[in-house]
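Taking it in order: structure first as C-alpha coordinates, then the write-up.
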Number of protein chains: 2
Amino acid sequence: MGSRRKTGVVKNCFSCPALDRTEWCVLSQAELRNIDKAKSTREYLPGDAIYHQGDPCSGVHCFASGMVGIRKVDADGNAILVRLAYPGDTLGYRSLLAGEEHRDSAEALKPSTICFIDRAVVRSLLDANPSLGLRFLTRATKDLIDAEERILQNATLSVRARFAHLLLVLKERYATNTEDGSVVLELPLSRQDLAAMIGIRPETMSRTIRQFEDDGIARFSGRIVQVTHVDSLLDEIEPENYV
Amino acid sequence: MGSRRKTGVVKNCFSCPALDRTEWCVLSQAELRNIDKAKSTREYLPGDAIYHQGDPCSGVHCFASGMVGIRKVDADGNAILVRLAYPGDTLGYRSLLAGEEHRDSAEALKPSTICFIDRAVVRSLLDANPSLGLRFLTRATKDLIDAEERILQNATLSVRARFAHLLLVLKERYATNTEDGSVVLELPLSRQDLAAMIGIRPETMSRTIRQFEDDGIARFSGRIVQVTHVDSLLDEIEPENYV
DNA sequence: CGCCAGGTTGATTTCGCTCAAGCAATGTGG
DNA sequence: CCACATTGCTTGAGCGAAATCAACCTGGCG
(Lines give C-alpha, C1' and ligand atoms only; values in the text may rest on other atoms or scores of the structure.)
Protein backbone atom coordinates (compact mmCIF):
# COMPACT_ATOMS: atom_id res chain seq x y z
CA MET A 1 0.00 0.00 0.00
CA GLY A 2 1.03 3.56 -0.47
CA SER A 3 2.16 3.07 -4.04
CA ARG A 4 -1.26 3.66 -5.54
CA ARG A 5 -2.54 6.70 -3.80
CA LYS A 6 -2.74 8.83 -6.98
CA THR A 7 -4.93 6.41 -8.86
CA GLY A 8 -8.15 6.87 -6.98
CA VAL A 9 -11.25 6.23 -9.05
CA VAL A 10 -12.63 9.22 -10.89
CA LYS A 11 -16.25 9.39 -9.89
CA ASN A 12 -17.45 11.49 -12.79
CA CYS A 13 -16.44 14.06 -15.33
CA PHE A 14 -17.53 16.94 -13.12
CA SER A 15 -14.98 16.09 -10.51
CA CYS A 16 -12.28 15.24 -13.04
CA PRO A 17 -9.08 16.97 -11.95
CA ALA A 18 -8.12 17.65 -15.56
CA LEU A 19 -11.48 18.92 -16.79
CA ASP A 20 -10.31 22.51 -17.09
CA ARG A 21 -7.49 21.49 -19.35
CA THR A 22 -9.61 19.38 -21.69
CA GLU A 23 -11.50 20.45 -24.76
CA TRP A 24 -14.73 19.34 -23.13
CA CYS A 25 -14.75 22.25 -20.73
CA VAL A 26 -16.75 24.28 -23.28
CA LEU A 27 -19.66 21.86 -23.03
CA SER A 28 -22.85 22.59 -21.18
CA GLN A 29 -23.70 20.74 -18.00
CA ALA A 30 -26.20 18.63 -19.91
CA GLU A 31 -23.67 17.70 -22.59
CA LEU A 32 -21.07 16.91 -20.00
CA ARG A 33 -23.59 14.64 -18.34
CA ASN A 34 -23.96 12.83 -21.65
CA ILE A 35 -20.25 12.14 -21.76
CA ASP A 36 -20.25 11.16 -18.15
CA LYS A 37 -22.85 8.50 -18.75
CA ALA A 38 -21.27 7.23 -21.94
CA LYS A 39 -17.68 7.12 -20.76
CA SER A 40 -15.88 4.20 -19.21
CA THR A 41 -13.00 4.69 -16.81
CA ARG A 42 -9.95 2.50 -16.39
CA GLU A 43 -6.85 2.47 -14.27
CA TYR A 44 -3.56 1.72 -15.99
CA LEU A 45 -0.28 0.64 -14.45
CA PRO A 46 3.12 1.51 -15.88
CA GLY A 47 3.68 -0.46 -19.05
CA ASP A 48 -0.02 -0.96 -19.75
CA ALA A 49 -1.08 -0.12 -23.26
CA ILE A 50 -3.99 2.27 -23.73
CA TYR A 51 -4.14 1.51 -27.43
CA HIS A 52 -1.87 0.08 -30.08
CA GLN A 53 -0.67 1.48 -33.38
CA GLY A 54 -2.77 -0.14 -36.09
CA ASP A 55 -5.80 -0.73 -33.87
CA PRO A 56 -9.10 0.51 -35.24
CA CYS A 57 -9.85 3.87 -33.66
CA SER A 58 -13.22 3.49 -32.00
CA GLY A 59 -13.14 6.63 -29.90
CA VAL A 60 -10.93 8.91 -27.86
CA HIS A 61 -9.23 8.47 -24.52
CA CYS A 62 -9.51 11.21 -22.00
CA PHE A 63 -6.37 11.46 -19.91
CA ALA A 64 -7.44 12.34 -16.37
CA SER A 65 -4.28 11.81 -14.35
CA GLY A 66 -0.92 10.04 -14.36
CA MET A 67 1.63 9.90 -17.11
CA VAL A 68 1.43 8.62 -20.66
CA GLY A 69 3.92 8.23 -23.50
CA ILE A 70 3.13 8.11 -27.20
CA ARG A 71 5.15 5.65 -29.27
CA LYS A 72 5.54 4.99 -32.93
CA VAL A 73 6.91 1.89 -34.58
CA ASP A 74 9.79 2.79 -36.85
CA ALA A 75 11.03 1.00 -39.96
CA ASP A 76 13.00 -1.46 -37.84
CA GLY A 77 10.04 -2.39 -35.70
CA ASN A 78 11.12 -0.56 -32.57
CA ALA A 79 8.44 1.23 -30.59
CA ILE A 80 10.17 4.54 -30.09
CA LEU A 81 8.83 7.27 -27.85
CA VAL A 82 7.82 10.29 -29.87
CA ARG A 83 6.24 12.51 -27.24
CA LEU A 84 4.63 12.70 -23.83
CA ALA A 85 0.99 13.31 -23.11
CA TYR A 86 -0.27 15.30 -20.14
CA PRO A 87 -3.40 15.15 -18.01
CA GLY A 88 -6.19 16.91 -19.85
CA ASP A 89 -4.99 15.66 -23.23
CA THR A 90 -7.42 13.85 -25.44
CA LEU A 91 -5.53 10.85 -26.75
CA GLY A 92 -6.15 9.61 -30.24
CA TYR A 93 -8.22 12.49 -31.52
CA ARG A 94 -6.03 12.86 -34.59
CA SER A 95 -6.52 9.30 -35.70
CA LEU A 96 -10.23 9.50 -34.98
CA LEU A 97 -10.66 12.63 -37.06
CA ALA A 98 -8.29 11.77 -39.86
CA GLY A 99 -8.87 8.18 -40.61
CA GLU A 100 -9.46 4.73 -39.45
CA GLU A 101 -6.71 3.30 -37.36
CA HIS A 102 -4.34 4.55 -34.69
CA ARG A 103 -1.17 6.06 -36.06
CA ASP A 104 0.71 5.48 -32.82
CA SER A 105 0.51 3.64 -29.51
CA ALA A 106 -0.21 5.09 -26.09
CA GLU A 107 1.33 3.53 -23.00
CA ALA A 108 1.05 4.41 -19.33
CA LEU A 109 4.42 5.42 -17.89
CA LYS A 110 3.08 5.88 -14.39
CA PRO A 111 -0.19 4.78 -12.75
CA SER A 112 -2.86 6.61 -14.72
CA THR A 113 -6.57 7.12 -14.87
CA ILE A 114 -8.00 7.34 -18.36
CA CYS A 115 -11.55 7.41 -19.64
CA PHE A 116 -12.80 6.19 -22.98
CA ILE A 117 -15.44 7.95 -25.05
CA ASP A 118 -16.97 6.26 -28.04
CA ARG A 119 -16.60 7.86 -31.46
CA ALA A 120 -20.35 8.09 -31.92
CA VAL A 121 -20.65 10.18 -28.79
CA VAL A 122 -17.80 12.43 -29.86
CA ARG A 123 -19.32 12.82 -33.27
CA SER A 124 -22.74 13.77 -31.96
CA LEU A 125 -21.21 16.31 -29.58
CA LEU A 126 -19.15 17.83 -32.37
CA ASP A 127 -22.28 18.13 -34.47
CA ALA A 128 -24.35 19.55 -31.64
CA ASN A 129 -21.92 22.06 -30.17
CA PRO A 130 -19.81 24.00 -32.67
CA SER A 131 -17.52 25.44 -30.01
CA LEU A 132 -16.25 21.96 -29.26
CA GLY A 133 -14.95 21.64 -32.81
CA LEU A 134 -13.34 25.06 -32.62
CA ARG A 135 -11.74 24.06 -29.37
CA PHE A 136 -10.26 20.96 -30.95
CA LEU A 137 -9.21 23.06 -33.92
CA THR A 138 -7.25 25.38 -31.65
CA ARG A 139 -5.68 22.40 -30.03
CA ALA A 140 -4.72 20.78 -33.32
CA THR A 141 -3.24 24.05 -34.52
CA LYS A 142 -1.12 24.33 -31.41
CA ASP A 143 0.09 20.77 -31.77
CA LEU A 144 0.87 21.48 -35.39
CA ILE A 145 3.00 24.48 -34.57
CA ASP A 146 4.86 22.43 -31.97
CA ALA A 147 5.48 19.66 -34.46
CA GLU A 148 6.87 22.03 -37.07
CA GLU A 149 9.03 23.70 -34.49
CA ARG A 150 10.42 20.31 -33.68
CA ILE A 151 11.16 19.49 -37.31
CA LEU A 152 13.19 22.66 -37.57
CA GLN A 153 15.04 22.04 -34.33
CA ASN A 154 15.91 18.45 -35.14
CA ALA A 155 17.30 19.57 -38.47
CA THR A 156 19.19 22.56 -37.13
CA LEU A 157 20.34 21.91 -33.60
CA SER A 158 23.11 19.65 -32.32
CA VAL A 159 22.50 16.73 -30.01
CA ARG A 160 23.71 18.77 -27.05
CA ALA A 161 21.31 21.55 -27.87
CA ARG A 162 18.39 19.20 -28.35
CA PHE A 163 19.08 17.49 -25.05
CA ALA A 164 19.36 20.84 -23.29
CA HIS A 165 16.02 21.77 -24.79
CA LEU A 166 14.46 18.52 -23.64
CA LEU A 167 15.73 19.07 -20.12
CA LEU A 168 14.21 22.53 -20.08
CA VAL A 169 10.86 21.18 -21.21
CA LEU A 170 10.92 18.41 -18.62
CA LYS A 171 11.97 20.93 -16.00
CA GLU A 172 8.76 22.86 -16.59
CA ARG A 173 6.72 19.79 -15.77
CA TYR A 174 8.76 17.79 -13.33
CA ALA A 175 11.01 20.14 -11.37
CA THR A 176 10.56 19.10 -7.77
CA ASN A 177 12.20 21.89 -5.84
CA THR A 178 14.51 24.80 -6.43
CA GLU A 179 17.05 26.03 -3.96
CA ASP A 180 20.18 28.10 -4.49
CA GLY A 181 19.49 28.73 -8.16
CA SER A 182 19.96 25.09 -9.05
CA VAL A 183 17.05 22.89 -10.03
CA VAL A 184 16.39 19.29 -9.11
CA LEU A 185 14.05 17.12 -11.09
CA GLU A 186 13.23 13.47 -11.53
CA LEU A 187 13.32 12.39 -15.13
CA PRO A 188 10.18 10.45 -15.90
CA LEU A 189 11.91 8.50 -18.66
CA SER A 190 14.51 5.83 -19.17
CA ARG A 191 17.71 6.70 -21.01
CA GLN A 192 16.43 4.87 -24.06
CA ASP A 193 13.27 6.94 -24.14
CA LEU A 194 15.20 10.14 -23.56
CA ALA A 195 17.35 9.19 -26.53
CA ALA A 196 14.34 8.45 -28.72
CA MET A 197 12.75 11.79 -27.86
CA ILE A 198 15.63 13.64 -29.47
CA GLY A 199 16.29 11.12 -32.22
CA ILE A 200 19.60 9.62 -31.10
CA ARG A 201 20.99 6.24 -29.98
CA PRO A 202 21.14 5.24 -26.32
CA GLU A 203 24.93 5.19 -26.45
CA THR A 204 24.99 8.76 -27.64
CA MET A 205 22.59 9.66 -24.85
CA SER A 206 25.01 8.25 -22.28
CA ARG A 207 27.88 10.19 -23.76
CA THR A 208 25.92 13.40 -23.91
CA ILE A 209 24.92 13.03 -20.28
CA ARG A 210 28.55 12.48 -19.39
CA GLN A 211 29.53 15.59 -21.36
CA PHE A 212 26.99 17.63 -19.43
CA GLU A 213 28.43 16.34 -16.17
CA ASP A 214 32.00 17.02 -17.25
CA ASP A 215 31.02 20.52 -18.30
CA GLY A 216 29.34 21.14 -14.96
CA ILE A 217 25.97 21.80 -16.52
CA ALA A 218 24.11 19.13 -14.57
CA ARG A 219 24.65 16.15 -12.31
CA PHE A 220 22.90 12.88 -13.05
CA SER A 221 22.21 10.16 -10.55
CA GLY A 222 19.87 7.58 -11.95
CA ARG A 223 16.78 9.49 -12.93
CA ILE A 224 17.51 12.34 -10.58
CA VAL A 225 19.04 15.37 -12.27
CA GLN A 226 20.42 18.43 -10.61
CA VAL A 227 20.75 21.24 -13.07
CA THR A 228 23.47 23.40 -11.62
CA HIS A 229 23.25 26.22 -14.13
CA VAL A 230 19.99 26.66 -15.93
CA ASP A 231 21.61 29.42 -17.93
CA SER A 232 24.11 26.93 -19.31
CA LEU A 233 21.23 24.97 -20.79
CA LEU A 234 19.97 28.08 -22.52
CA ASP A 235 23.47 28.77 -23.82
CA GLU A 236 23.58 25.31 -25.36
CA ILE A 237 20.45 25.97 -27.36
CA GLU A 238 21.38 29.30 -28.80
CA PRO A 239 24.59 29.06 -30.83
CA GLU A 240 25.77 32.59 -30.11
CA ASN A 241 22.67 34.34 -31.30
CA TYR A 242 23.10 37.97 -32.05
CA VAL A 243 19.53 39.21 -32.27
CA MET B 1 3.89 36.95 -73.85
CA GLY B 2 3.02 33.40 -73.13
CA SER B 3 4.86 33.33 -69.84
CA ARG B 4 1.98 34.65 -67.82
CA ARG B 5 -0.97 32.82 -69.16
CA LYS B 6 -1.75 31.08 -65.86
CA THR B 7 -2.06 34.24 -63.83
CA GLY B 8 -5.28 35.58 -65.21
CA VAL B 9 -7.27 37.63 -62.74
CA VAL B 10 -9.68 35.64 -60.61
CA LYS B 11 -13.03 37.33 -61.05
CA ASN B 12 -14.70 35.85 -58.01
CA CYS B 13 -14.70 32.95 -55.61
CA PHE B 14 -17.30 31.06 -57.60
CA SER B 15 -15.03 30.75 -60.57
CA CYS B 16 -11.93 30.10 -58.48
CA PRO B 17 -10.09 27.16 -60.00
CA ALA B 18 -9.08 25.92 -56.54
CA LEU B 19 -12.44 26.29 -54.81
CA ASP B 20 -13.07 22.55 -54.63
CA ARG B 21 -9.81 22.01 -52.82
CA THR B 22 -10.37 24.74 -50.23
CA GLU B 23 -12.11 24.48 -46.90
CA TRP B 24 -14.60 27.07 -48.07
CA CYS B 25 -16.33 24.64 -50.38
CA VAL B 26 -18.67 23.65 -47.53
CA LEU B 27 -20.10 27.15 -47.39
CA SER B 28 -23.50 28.10 -48.74
CA GLN B 29 -23.81 30.30 -51.79
CA ALA B 30 -24.72 33.21 -49.57
CA GLU B 31 -21.72 32.71 -47.31
CA LEU B 32 -19.43 32.34 -50.27
CA ARG B 33 -20.81 35.59 -51.58
CA ASN B 34 -19.82 37.18 -48.27
CA ILE B 35 -16.25 36.07 -48.73
CA ASP B 36 -16.29 37.13 -52.32
CA LYS B 37 -17.25 40.66 -51.37
CA ALA B 38 -14.84 40.88 -48.48
CA LYS B 39 -11.80 39.37 -50.15
CA SER B 40 -9.06 41.19 -52.00
CA THR B 41 -7.11 39.55 -54.79
CA ARG B 42 -3.48 40.07 -55.68
CA GLU B 43 -1.05 38.78 -58.24
CA TYR B 44 2.42 37.83 -57.03
CA LEU B 45 5.57 37.37 -59.04
CA PRO B 46 8.35 34.94 -58.13
CA GLY B 47 10.16 36.24 -55.09
CA ASP B 48 7.27 38.35 -53.88
CA ALA B 49 6.42 37.91 -50.22
CA ILE B 50 2.82 37.12 -49.30
CA TYR B 51 3.56 37.64 -45.62
CA HIS B 52 6.58 37.70 -43.36
CA GLN B 53 7.41 35.73 -40.25
CA GLY B 54 6.70 37.96 -37.28
CA ASP B 55 4.05 40.02 -39.05
CA PRO B 56 0.77 40.38 -37.19
CA CYS B 57 -1.67 37.88 -38.60
CA SER B 58 -4.65 39.86 -39.76
CA GLY B 59 -6.35 37.18 -41.81
CA VAL B 60 -5.77 34.25 -44.10
CA HIS B 61 -4.54 34.03 -47.67
CA CYS B 62 -6.39 31.87 -50.09
CA PHE B 63 -4.07 30.33 -52.60
CA ALA B 64 -5.88 30.24 -55.94
CA SER B 65 -3.15 29.37 -58.40
CA GLY B 66 0.59 29.39 -58.92
CA MET B 67 3.26 28.17 -56.59
CA VAL B 68 4.18 29.18 -53.06
CA GLY B 69 6.91 28.22 -50.62
CA ILE B 70 6.79 28.46 -46.85
CA ARG B 71 9.99 29.59 -45.13
CA LYS B 72 11.12 29.75 -41.57
CA VAL B 73 14.00 31.74 -40.17
CA ASP B 74 16.39 29.43 -38.35
CA ALA B 75 18.72 30.22 -35.48
CA ASP B 76 21.34 31.62 -37.87
CA GLY B 77 18.90 33.97 -39.53
CA ASN B 78 18.57 32.05 -42.79
CA ALA B 79 15.13 31.86 -44.34
CA ILE B 80 15.01 28.16 -45.04
CA LEU B 81 12.26 26.51 -47.05
CA VAL B 82 10.23 24.19 -44.86
CA ARG B 83 7.44 23.14 -47.20
CA LEU B 84 5.49 23.92 -50.34
CA ALA B 85 1.92 25.10 -50.50
CA TYR B 86 -0.51 24.11 -53.21
CA PRO B 87 -3.48 25.80 -54.86
CA GLY B 88 -6.48 25.43 -52.59
CA ASP B 89 -4.38 25.79 -49.46
CA THR B 90 -5.36 28.39 -46.94
CA LEU B 91 -2.12 30.10 -45.98
CA GLY B 92 -1.61 31.30 -42.45
CA TYR B 93 -4.60 29.64 -40.83
CA ARG B 94 -2.43 28.13 -38.11
CA SER B 95 -1.04 31.43 -37.00
CA LEU B 96 -4.46 33.02 -37.15
CA LEU B 97 -6.04 30.33 -34.99
CA ALA B 98 -3.21 29.79 -32.59
CA GLY B 99 -1.88 33.19 -31.81
CA GLU B 100 -0.96 36.59 -32.91
CA GLU B 101 1.84 36.70 -35.42
CA HIS B 102 2.96 34.66 -38.38
CA ARG B 103 5.21 31.78 -37.47
CA ASP B 104 6.67 31.59 -40.97
CA SER B 105 6.91 33.49 -44.23
CA ALA B 106 5.13 32.74 -47.49
CA GLU B 107 6.79 33.58 -50.79
CA ALA B 108 5.63 33.15 -54.37
CA LEU B 109 7.92 30.79 -56.30
CA LYS B 110 6.04 31.21 -59.56
CA PRO B 111 3.49 33.79 -60.69
CA SER B 112 0.58 33.28 -58.33
CA THR B 113 -2.89 34.54 -57.61
CA ILE B 114 -3.76 34.81 -53.96
CA CYS B 115 -6.74 36.31 -52.16
CA PHE B 116 -6.80 37.80 -48.71
CA ILE B 117 -9.64 37.35 -46.24
CA ASP B 118 -9.77 39.39 -43.09
CA ARG B 119 -9.73 37.62 -39.74
CA ALA B 120 -13.05 39.15 -38.74
CA VAL B 121 -14.71 37.61 -41.78
CA VAL B 122 -13.13 34.24 -41.07
CA ARG B 123 -14.19 34.42 -37.47
CA SER B 124 -17.78 35.24 -38.26
CA LEU B 125 -17.98 32.42 -40.79
CA LEU B 126 -16.52 29.96 -38.31
CA ASP B 127 -19.09 31.03 -35.77
CA ALA B 128 -21.95 30.92 -38.23
CA ASN B 129 -21.21 27.64 -39.99
CA PRO B 130 -19.94 24.79 -37.80
CA SER B 131 -18.98 22.60 -40.73
CA LEU B 132 -16.34 25.12 -41.72
CA GLY B 133 -14.58 24.62 -38.40
CA LEU B 134 -14.80 20.88 -38.73
CA ARG B 135 -13.39 21.17 -42.21
CA PHE B 136 -10.42 23.12 -40.94
CA LEU B 137 -10.09 20.64 -38.11
CA THR B 138 -9.79 17.78 -40.56
CA ARG B 139 -7.24 19.77 -42.47
CA ALA B 140 -5.19 20.57 -39.39
CA THR B 141 -5.27 16.94 -38.34
CA LYS B 142 -4.00 15.84 -41.73
CA ASP B 143 -1.21 18.42 -41.64
CA LEU B 144 -0.37 17.27 -38.15
CA ILE B 145 -0.04 13.65 -39.18
CA ASP B 146 2.15 14.71 -42.09
CA ALA B 147 4.37 16.74 -39.79
CA GLU B 148 4.84 13.89 -37.35
CA GLU B 149 5.56 11.51 -40.18
CA ARG B 150 8.24 13.89 -41.30
CA ILE B 151 9.81 14.12 -37.86
CA LEU B 152 10.11 10.36 -37.80
CA GLN B 153 11.51 10.19 -41.32
CA ASN B 154 14.09 12.88 -40.78
CA ALA B 155 15.29 11.07 -37.69
CA THR B 156 15.30 7.64 -39.26
CA LEU B 157 16.12 7.86 -42.94
CA SER B 158 19.40 8.60 -44.68
CA VAL B 159 19.96 11.60 -46.88
CA ARG B 160 19.61 9.45 -49.99
CA ALA B 161 16.30 8.09 -48.77
CA ARG B 162 14.97 11.51 -47.87
CA PHE B 163 15.95 12.91 -51.26
CA ALA B 164 14.35 9.95 -53.00
CA HIS B 165 11.21 10.61 -51.03
CA LEU B 166 11.25 14.28 -51.95
CA LEU B 167 11.61 13.44 -55.62
CA LEU B 168 8.63 11.11 -55.41
CA VAL B 169 6.52 13.79 -53.79
CA LEU B 170 7.54 16.37 -56.39
CA LYS B 171 6.88 13.84 -59.12
CA GLU B 172 3.26 13.59 -58.04
CA ARG B 173 2.83 17.31 -58.53
CA TYR B 174 5.20 18.28 -61.28
CA ALA B 175 5.76 15.28 -63.53
CA THR B 176 5.35 16.68 -67.02
CA ASN B 177 5.18 13.60 -69.17
CA THR B 178 5.92 9.93 -68.95
CA GLU B 179 7.17 7.84 -71.78
CA ASP B 180 8.97 4.48 -71.73
CA GLY B 181 8.60 4.02 -67.97
CA SER B 182 10.86 6.94 -67.20
CA VAL B 183 9.52 10.16 -65.78
CA VAL B 184 10.55 13.70 -66.61
CA LEU B 185 9.84 16.57 -64.31
CA GLU B 186 10.93 20.13 -63.76
CA LEU B 187 12.04 20.77 -60.23
CA PRO B 188 10.33 23.89 -58.98
CA LEU B 189 13.14 24.61 -56.55
CA SER B 190 16.74 25.74 -56.45
CA ARG B 191 19.39 23.37 -55.09
CA GLN B 192 19.53 25.36 -51.91
CA ASP B 193 15.81 25.00 -51.33
CA LEU B 194 15.91 21.32 -52.18
CA ALA B 195 18.63 20.93 -49.58
CA ALA B 196 16.65 22.85 -46.97
CA MET B 197 13.58 20.71 -47.57
CA ILE B 198 15.41 17.61 -46.40
CA GLY B 199 17.56 19.33 -43.82
CA ILE B 200 20.99 19.19 -45.43
CA ARG B 201 23.67 21.58 -46.74
CA PRO B 202 23.80 22.64 -50.38
CA GLU B 203 27.13 20.86 -50.83
CA THR B 204 25.63 17.61 -49.67
CA MET B 205 22.75 18.16 -52.05
CA SER B 206 25.17 18.45 -54.96
CA ARG B 207 26.92 15.27 -53.97
CA THR B 208 23.69 13.36 -53.47
CA ILE B 209 22.51 14.43 -56.91
CA ARG B 210 25.78 13.23 -58.34
CA GLN B 211 25.41 9.91 -56.56
CA PHE B 212 21.97 9.45 -58.05
CA GLU B 213 23.38 10.13 -61.49
CA ASP B 214 26.30 7.77 -61.00
CA ASP B 215 23.93 5.08 -59.78
CA GLY B 216 21.70 5.59 -62.81
CA ILE B 217 18.69 6.47 -60.73
CA ALA B 218 18.07 9.83 -62.38
CA ARG B 219 19.64 12.36 -64.73
CA PHE B 220 19.81 16.00 -63.75
CA SER B 221 20.16 18.89 -66.13
CA GLY B 222 19.58 22.16 -64.37
CA ARG B 223 16.11 21.87 -62.95
CA ILE B 224 15.06 19.18 -65.37
CA VAL B 225 15.17 15.70 -63.93
CA GLN B 226 14.67 12.46 -65.75
CA VAL B 227 13.94 9.66 -63.34
CA THR B 228 15.06 6.56 -65.20
CA HIS B 229 13.90 4.02 -62.67
CA VAL B 230 11.08 5.06 -60.37
CA ASP B 231 11.44 1.71 -58.62
CA SER B 232 14.99 2.62 -57.65
CA LEU B 233 13.64 5.61 -55.76
CA LEU B 234 11.28 3.36 -53.83
CA ASP B 235 14.16 1.00 -53.07
CA GLU B 236 16.11 3.89 -51.58
CA ILE B 237 13.36 4.66 -49.10
CA GLU B 238 12.76 1.18 -47.73
CA PRO B 239 15.89 -0.20 -46.10
CA GLU B 240 15.09 -3.86 -46.87
CA ASN B 241 11.78 -3.94 -45.06
CA TYR B 242 10.58 -7.38 -44.24
CA VAL B 243 6.98 -6.80 -43.21
C1' DC C 1 34.48 44.65 -67.67
C1' DG C 2 34.25 43.29 -62.77
C1' DC C 3 31.16 41.68 -59.49
C1' DC C 4 28.22 38.48 -57.20
C1' DA C 5 25.15 34.70 -56.16
C1' DG C 6 24.42 29.90 -57.06
C1' DG C 7 26.42 25.76 -57.86
C1' DT C 8 30.03 22.14 -58.05
C1' DT C 9 34.07 19.87 -56.42
C1' DG C 10 37.94 18.59 -53.33
C1' DA C 11 40.23 18.12 -48.69
C1' DT C 12 39.62 17.75 -44.01
C1' DT C 13 37.19 17.36 -39.68
C1' DT C 14 33.56 16.36 -36.69
C1' DC C 15 29.78 14.11 -34.96
C1' DG C 16 27.03 10.39 -34.14
C1' DC C 17 26.44 5.41 -35.31
C1' DT C 18 27.90 0.63 -35.08
C1' DC C 19 29.97 -3.04 -32.94
C1' DA C 20 31.59 -4.92 -28.86
C1' DA C 21 32.57 -5.57 -24.15
C1' DG C 22 31.67 -4.93 -19.31
C1' DC C 23 28.80 -3.91 -15.26
C1' DA C 24 25.00 -3.43 -11.96
C1' DA C 25 20.35 -4.55 -10.76
C1' DT C 26 16.72 -7.69 -11.09
C1' DG C 27 14.62 -11.91 -11.83
C1' DT C 28 14.29 -17.15 -12.12
C1' DG C 29 14.72 -21.93 -11.74
C1' DG C 30 17.02 -25.71 -9.53
C1' DC D 1 20.32 -19.86 -1.34
C1' DC D 2 23.14 -19.90 -5.20
C1' DA D 3 24.07 -20.19 -10.47
C1' DC D 4 22.32 -18.07 -14.21
C1' DA D 5 19.90 -15.37 -17.68
C1' DT D 6 18.07 -10.90 -18.73
C1' DT D 7 17.72 -6.06 -19.10
C1' DG D 8 19.29 -1.30 -18.88
C1' DC D 9 23.17 1.51 -18.81
C1' DT D 10 27.94 2.82 -19.68
C1' DT D 11 32.31 2.86 -22.03
C1' DG D 12 35.72 2.07 -25.69
C1' DA D 13 37.35 1.60 -30.57
C1' DG D 14 36.62 2.31 -35.24
C1' DC D 15 33.93 3.81 -39.04
C1' DG D 16 31.18 6.51 -42.07
C1' DA D 17 28.22 10.15 -43.38
C1' DA D 18 27.64 14.76 -43.56
C1' DA D 19 29.39 19.34 -42.19
C1' DT D 20 32.90 22.59 -42.81
C1' DC D 21 36.39 25.06 -45.14
C1' DA D 22 38.09 26.48 -49.36
C1' DA D 23 38.71 26.90 -54.23
C1' DC D 24 36.80 27.50 -58.56
C1' DC D 25 33.44 27.82 -62.17
C1' DT D 26 29.36 29.57 -64.30
C1' DG D 27 25.90 32.85 -65.84
C1' DG D 28 23.57 37.06 -65.20
C1' DC D 29 23.80 42.07 -64.53
C1' DG D 30 25.06 46.73 -63.27
Side-chain angles (χ1 to χ4, degrees), chain A residues 3 46-47 69 71 74-76 78-81 107 109 152-166 186-215 218-225 236 239-240, chain B residues 46-47 69 71 74-81 107 109 153-166 186-215 218-225 236-237 239-240:
Chain A
S3 66
R71 298 183 186 279
D74 69 7
D76 300 334
N78 308 313
I80 65 171
L81 190 71
E107 173 193 329
L109 298 177
L152 196 67
Q153 289 196 341
N154 278 350
T156 317
L157 300 181
S158 68
V159 166
R160 278 180 73 110
R162 279 180 276 160
F163 185 45
H165 185 260
L166 177 60
E186 179 179 356
L187 297 179
L189 300 173
S190 69
R191 305 288 144 123
Q192 300 191 69
D193 283 341
L194 287 174
M197 285 282 284
I198 58 176
I200 60 174
R201 302 280 131 185
E203 297 96 320
T204 306
M205 184 79 263
S206 274
R207 289 186 238 273
T208 307
I209 286 176
R210 174 156 256 283
Q211 282 179 30
F212 273 33
E213 292 211 311
D214 292 348
D215 296 351
R219 306 198 60 219
F220 294 78
S221 170
R223 291 190 173 190
I224 305 294
V225 188
E236 287 295 329
E240 57 267 4
Chain B
R71 297 182 187 280
D74 69 6
D76 300 333
N78 309 313
I80 66 171
L81 189 72
E107 173 192 328
L109 299 176
Q153 288 196 344
N154 278 349
T156 317
L157 300 181
S158 67
V159 166
R160 279 180 72 110
R162 279 179 277 159
F163 185 46
H165 185 260
L166 177 60
E186 180 179 357
L187 296 179
L189 301 172
S190 69
R191 305 287 145 128
Q192 300 192 75
D193 283 341
L194 288 173
M197 285 282 283
I198 56 176
I200 60 175
R201 302 280 130 183
E203 297 96 319
T204 306
M205 184 79 263
S206 275
R207 289 185 239 272
T208 306
I209 286 175
R210 175 158 257 283
Q211 282 178 31
F212 273 34
E213 292 210 312
D214 292 348
D215 295 350
R219 306 199 59 220
F220 294 78
S221 170
R223 290 192 175 190
I224 305 294
V225 189
E236 288 294 331
I237 295 177
E240 58 265 5

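Every heavy atom of this structure was used, including side-chain atoms; hydrogens, water molecules and symmetry mates were not. Lettering follows sequence order; numbering is per chain, from 1.
- For the pair B/Ser158 (side chain) and B/Ala161 (backbone), a donor-acceptor distance under 3.5 Å is present.
- Nucleotide C/dT8 holds its P atom 14 Å from the CD atom of B/Gln211, rounded to whole Å.
- Atom CZ in B/Arg223 sits roughly 11 Å away from atom P in C/dT8 (whole-Å rounding).
- Side-chain contact between A/Arg71 and A/Asn78: absent, with no pair of heavy atoms (C-beta onward) separated by less than 4.5 Å.
- Straight-line distance from the CE atom of B/Met205 to the C1' atom of C/dG7: 12 Å, rounded to whole Å.
- Across the protein-nucleic acid pair, B/Ile200 atom CD1 and D/dA18 atom P stand 8 Å apart, rounded to whole Å.
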Fill in: side chain to side chain contact (heavy atoms under 4.5 Å, CB included) between A/Ile209 and A/Val225, worked out
CA-CA 10 Å; A/Ile209 286 176; A/Val225 188; over 6 Å; no
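- When rounded to the nearest whole Å, the span between CZ of B/Arg201 and C1' of C/dT12 equals 17 Å.
- Distance from the side chain of B/Arg191 is smallest for C/dT8 among the nucleotides C/dT8, D/dC9, D/dA19.
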Practice prompt. In sequence, state the C-alpha distance, the side-chain angles, and the governing distance for A/Val159 and A/Arg207, and then conclude on side chain to side chain contact (heavy atoms under 4.5 Å, CB included).
Written response: CA-CA 11 Å; A/Val159 166; A/Arg207 289 186 238 273; over 6 Å; no
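- Note that CD of A/Glu107 and CG of A/Leu81 are 8.5 Å apart. Values are rounded to the nearest 0.5 Å.
- Taking atom CZ of residue A/Phe163 and atom P of nucleotide C/dC15, one finds them 18 Å apart after rounding to whole Å.
- Panel note: side chain A/Ser190, backbone A/Asp193; a donor-acceptor pair is recorded below 3.5 Å.
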Nucleotide N/O of nucleotides 11-13 of chain D paired with protein N/O under 3.5 Å:
unit_1, atom_1, unit_2, atom_2, d
D/dT11, OP1, A/Arg210, NE, 3.2
D/dT11, OP1, A/Arg210, NH2, 3.3
D/dT11, OP2, A/Arg210, NE, 3.1
D/dG12, N7, A/Arg207, NH1, 3.0
D/dG12, O6, A/Arg207, NH2, 3.2
D/dA13, N6, A/Arg207, NH2, 3.4

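- Out of C/dG16, C/dG6, C/dT8, the shortest distance to the side chain of A/Ser158 is found at C/dG16.
- Look at CZ on A/Arg160: it is 12 Å from C1' on C/dC15, rounded to the nearest Å.
- In this structure, A/Phe163 and A/Phe212 have tilted ring planes: the angle between them lies in the 30° to 60° band.
- Nearest-nucleotide mapping onto DNA chain C: of B/Ile209 and A/Val159, the residue sitting toward the 5' end is B/Ile209.
- Distance, B/Leu187 CG to C/dG6 P: 17 Å, rounded to whole Å.
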